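For reference, the structure discussed in these notes is given below.
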Amino acid sequence: MSTSVVYIKDLKAHAGKMVELRGWVYNTRSGGKIRFLILRDGTGYLQCVASASDVPPADFEILGTLTQESSVVVTGTPREDKRAPGGVELTLKSVTEVQHAEGFPITPKEHSSSFLLDHRHLWLRSKKQHVVLTVRHHTISAIRDYLNNHGFINLDTPIFTPNACEGTSTLFETDYFGDKAYLTQSGQLYNEATAAAFGKVYCFGPTFRAEKSKTRRHLTEFWMVEPEVAFMRLDELMDLEEDFFCYIIARVLETCGTDIKEVLERDISKLEAVKKPFPRIHYKEAAKTLLDQGVPFEVGGDFGGTDETVLTQNQTTPIFVHHYPTQVKAFYMEPDPDEPEYCLSVDMLAPEGYGEVIGGGERTANLDLLEQRIKEHNLPRAAYEWYLDLRKYGTFPHSGFGLGVERTVSYLCGLSHLREAIPFPRMLNRLSP
RNA sequence: UGCGGGGUAGUUGAGUGGCACAACGCCGCACUGUUAAUGCGGAUAUCGGAGGUUCGAAUCCUCCCCCCGCAGCCA
C-alpha cells in the first residue's frame with residue numbers, strides 16, 4: 001500500500017489511512033513516554049502524537065530533540081480527536097528531520113514590532129500573519145474577479161514615469177540612462193488613455209510615494225487598483241465603488257471570516273453589517289458636522305485622520321464625502337459646473353477609524369480648462385502634451401478611482417498598522433528585509 | 001520634518017549613584033493526553049555608541065546613532 005503525500009487542510013478526507021506530511025515544527029511537548037509535535041505545513045497546523053510503544057525508538061528519540069521551525073517529514077494515520085486543536089490529529093508512525101533549526105528567533109511569546117519587522121522573513125510563518133496575508137490574497141482575487149466580470153479590461157500602466165501625475169506628492173527619483181525618471185504614484189493619467197481606447201479599464205500594481213509620513217496609514221510602496229470608466233459620471237462612480245467594496249467584503253468573509261474572527265479576534269459583525277448604499281455627504285455638510293462637533297477644522301482644507309474618524313464614528317458602513325474644494329484636489333478633477341469652487345471628487349472613508357480607502361472622481365474633459373489648471377499648478381506643459389491629446393481627439397466625461405489594497409486589508413483584518421498587510425513593508429525607516 | 005516616549009541576557013520588562021535582576025526562550029533531569037504543558041536544576045549581558053563628572057555610573061552631564069507613538073501629507 002502506497003503512502004499518499006497530503007496537506008494538513010485536506011487531512012480529514014484521509015482519516016484512518018497512512019499519509020505523509022512535510023512541514024516545520026511549530027512547537028513540541030513532552031510527557032515522558034508520550035510526545036506531541038505541532039506541525040505546520042503552510043496550509044494549517046496539526047498535532048502529531050507518538051507513544052513510545054508505537055514508534056521506533058530512534059524516531060521517538062528525534063521527537064525529544066526537535067526544535068521550533070526544524071523541517072520534518074512525518075508519516076502516520078489521521079483521526080478525529082476532540083482533544084486536538086483543530087479536531088484532527090495524527091498518530092505518528094515515523095518522523096524524519098530534514099534540517100535541525102537552532103535558535104529560531106520568534107517564539108510564541110511577546111515581541112516588539114520593530115523586532116518582528118527586522119525578522120519579517122520569519123514572522124510570515126506565524127499564525128496571525130498567515131491569516132492577514134491570506135486575506136490580502138483573497139482581497140486581490142476578489143478585486144480582479146469583480147472587475148473582470150463587470151467588463152473591465154486590465155491594462156497596467158508604467159512604473160517608470162517621466163513626470164508627476166498629481167504634481168504635489170513627493171516622488172522617488174531614479175536615473176534612467178542619464179535622464180530622470182520617477183516611480184509612479186498613480187496610473188491614473190495613463191488609465192484615461194486606455195479608457196478612451198477600451199471603455200472600462202483598470203490597472204493594478206505597486207505605487208510609490210516618497211512622503212516622509214510615519215503613521216499607521218502610510219507605506220512608501222503600496223498596491224493600488226485603479227479602475228477608470230469612459231462616460232461615467234460622479235453618481236455612477238459611487239454606485240460602482242460601493243458595489244465593488246461590498247463584493248470584496250463578502251468574498252473575504254466567505255473565504256476567511258472564521259480566521260479573521262478566531263485568529264485575529266476581530267469583531268466580524270462590523271464587516272457583516274456593511275451594506276450598500278453608503279451615505280453620500282457633500283463636503284460642505286461634512287465640514288459643518290466637524291464644526292458642530294467642536295473639531296478645530298479649517299473649512300476649505302482637506303480632512304486629516306482625526307477628522308475622518310469623527311465623520312465615520314457613528315456609521316456602520318463606509319461613507320462617501322464628495323465635492324471637495326477644487327483647490328485641495330488634483331489638477332485633473334472636474335469642477336462642479338454649478339459651483340466651480342467645489343469639484344466632482346469623492347473619497348470613501350471606512351469606519352472604525354480606518355479612514356480613506358478610496359479616492360477618485362470625475363476628470364476634466366474640457367481642454368481649455370485643463371490647460372489652465374496645468375498652468376495654475378505650475379506643471380511642465382510639455383510633459384502633458386499626450387494627456388491633452390485625450391481632450392483634443394474625442395474628449396469625453398469619465399471617472400475613476402483608486403483603492404488602496406493595504407488599507408482595505410488592514411480594515412478587513414482590524415489591524416492597528418498597515419505594515420502587516422503587505423509581505424515586506426517599505427516605510428520611511430525601513431527598506432529591509 | 002515637528003512634538004512626546006524609549007534603547008539593560010536570545011526575547012519582553014524591572015532597576016535614578018554602591019554585588020546587574022525577573023519572566024519567557026535555550027540546555028539537563030523527571031513525567032503516558034499535553035494545549036503558550038508542568039516540576040526541579042543550569043548556562044546566558046561590552047546596560048545603543050563616543051566622551052565627561054565621580055572614590056564609584058545602567059543610573060548624572062554633552063554629542064551622536066537607532067526604535068516606537070502622535071501630527072502634517074495621502075491610498
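These numbers were taken from a predicted model, which means no experiment stands behind them. Here is how names work: the chains are called A, B, and so on, in the same order as the sequence lines, proteins then strands, and each is numbered from 1.
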Examine B/G69: is either OP1 or OP2 under 4.0 Å from a nitrogen or oxygen in the side chain of A/Arg419? Give yes or no. yes
Quick check on RNA chain B: between A/Glu110 and A/Trp223, whose nearest nucleotide comes earlier from the 5' end? A/Glu110
Give A/Ser213 one of three labels, base, sugar-phosphate or nothing, depending on what nucleic acid heavy atoms sit under 4.0 Å from its own. base
When rounded to the nearest Å, what value does the distance between P atoms of B/G6 and B/A20 take? 25 Å
In terms of side-chain heavy atoms of A/Lys214, which of B/G69, B/A36, B/C74 is nearest? B/G69
Any Lys/Arg nitrogen of A/Glu228 or A/Arg363 sitting under 4.0 Å from an Asp/Glu carboxylate oxygen of the other? yes
Nearest-nucleotide pick for A/His417, side chain only, options being B/G69, B/G33, B/A75: B/G69
Check whether any side-chain N or O of A/Thr107 sits under 4.0 Å from OP1 or OP2 of B/U11, and answer yes or no. no
Partner of B/C60 under the Watson-Crick or G-U wobble criteria, both distances under 3.5 Å, comes out as B/G52
Quick note, A/Asp81 side chain, CB onward, closest among B/C27, B/U32, B/G33 is B/G33
Distance between C1' atoms of B/C67 and B/C61 (Å, rounded): 23 Å
Answer yes or no: does atom NZ of A/Lys93 have more than 12 heavy-atom neighbours from other residues, nucleotides or ligands under 6.0 Å? no
Would you mind classifying the nucleic acid contact of A/Ile358 as base, sugar-phosphate or nothing, using non-hydrogen atoms under 4.0 angstrom? sugar-phosphate
Which part of the nucleic acid, if any, lies within contact of A/His218, taking any heavy atom under 4.0 Å across all strands shown: a base, the sugar-phosphate backbone alone, or nothing? base
Regarding the side chain of A/His111, the nearest nucleotide among B/U11, B/A75, B/G33 is B/U11
If the C1' atom of B/G49 is compared with that of B/U44, how far apart are they to the nearest Å? 23 Å
A/Arg217 near the nucleic acid: base, sugar-phosphate alone, or nothing, with a heavy-atom cut-off under 4.0 Å? base
Ignoring the backbone of A/Ser114, work out which of B/U34, B/C67, B/U32 is nearest its side chain. B/C67
If you look at every strand shown and take non-hydrogen atoms under 4.0 Å, does A/Ser30 touch a base, only sugar-phosphate, or nothing? base
Parallel, tilted or perpendicular: which fits the ring planes of A/Tyr283 and A/Tyr324, with parallel below 30° and perpendicular above 60°? tilted
Tell which nucleotide pairs with B/A22, taking only Watson-Crick or G-U wobble pairs whose two distances are both under 3.5 angstrom. B/U12
Using purine N1 to pyrimidine N3 plus N6-O4 or O6-N4 for Watson-Crick, or N1-O2 and O6-N3 for G-U wobble, both under 3.5 Å, which nucleotide pairs with B/G41? B/C27
Ignoring hydrogens and geometry beyond distance, is the side chain of A/Glu102 in donor-acceptor contact with the base of B/G10 at under 3.5 Å? no
Using a strict cut-off of less than 4.0 Å between a Lys/Arg side-chain nitrogen and an Asp/Glu carboxylate oxygen, indicate whether A/Asp347 and A/Lys329 qualify as a salt bridge. yes
A/Glu211 side chain, from C-beta outward: closest of B/C73, B/C31, B/G33: B/C73
Looking at B/A71, which nucleotide sits across from it as a Watson-Crick or G-U wobble partner, both distances under 3.5 angstrom, or is there none? B/U1
Looking at every strand, decide which applies to A/Gly359 at a 4.0 Å heavy-atom threshold: base, sugar-phosphate, or nothing. sugar-phosphate
Can you label the angle between the A/His150 ring and the A/Tyr146 ring as parallel, tilted or perpendicular, going by 30° and 60°? parallel
Nearest-nucleotide wise, let me know which of A/Gly305 and A/Val405 is further upstream toward the 5' end of RNA chain B. A/Gly305
When you compare B/C73 with B/U62, how far apart are their P atoms, in angstrom units rounded to a whole number? 35 Å
Among B/U34, B/G69, B/G33, which nucleotide has an atom closest to any side-chain atom of A/Arg29? B/U34
Among B/G33, B/A75, B/C68, which nucleotide sits nearest the side chain of A/Leu117? B/C68
Cation over ring, A/Arg266 on A/Tyr411, under 6.0 Å and within 45°? yes
Between A/Phe222 and B/A75, do the rings stack, that is, sit under 5.5 Å apart with planes less than 30° off each other? yes
Applying a 4.0 Å non-hydrogen cut-off, can you work out what A/Asp302 is touching in the nucleic acid: base, sugar-phosphate, or nothing? sugar-phosphate
Taking the basic N atoms (NZ, or NE/NH1/NH2) and the acidic carboxylate oxygens, is any pair closer than 4.0 Å for A/Arg120 and A/Asp118? no
Would you mind telling me which of B/A71, B/G33, B/A75 lies closest to the side-chain atoms of A/Thr306? B/A71
Contact class for A/Thr215 vs. all strands (heavy atom < 4.0 Å): base, sugar-phosphate, or nothing? base
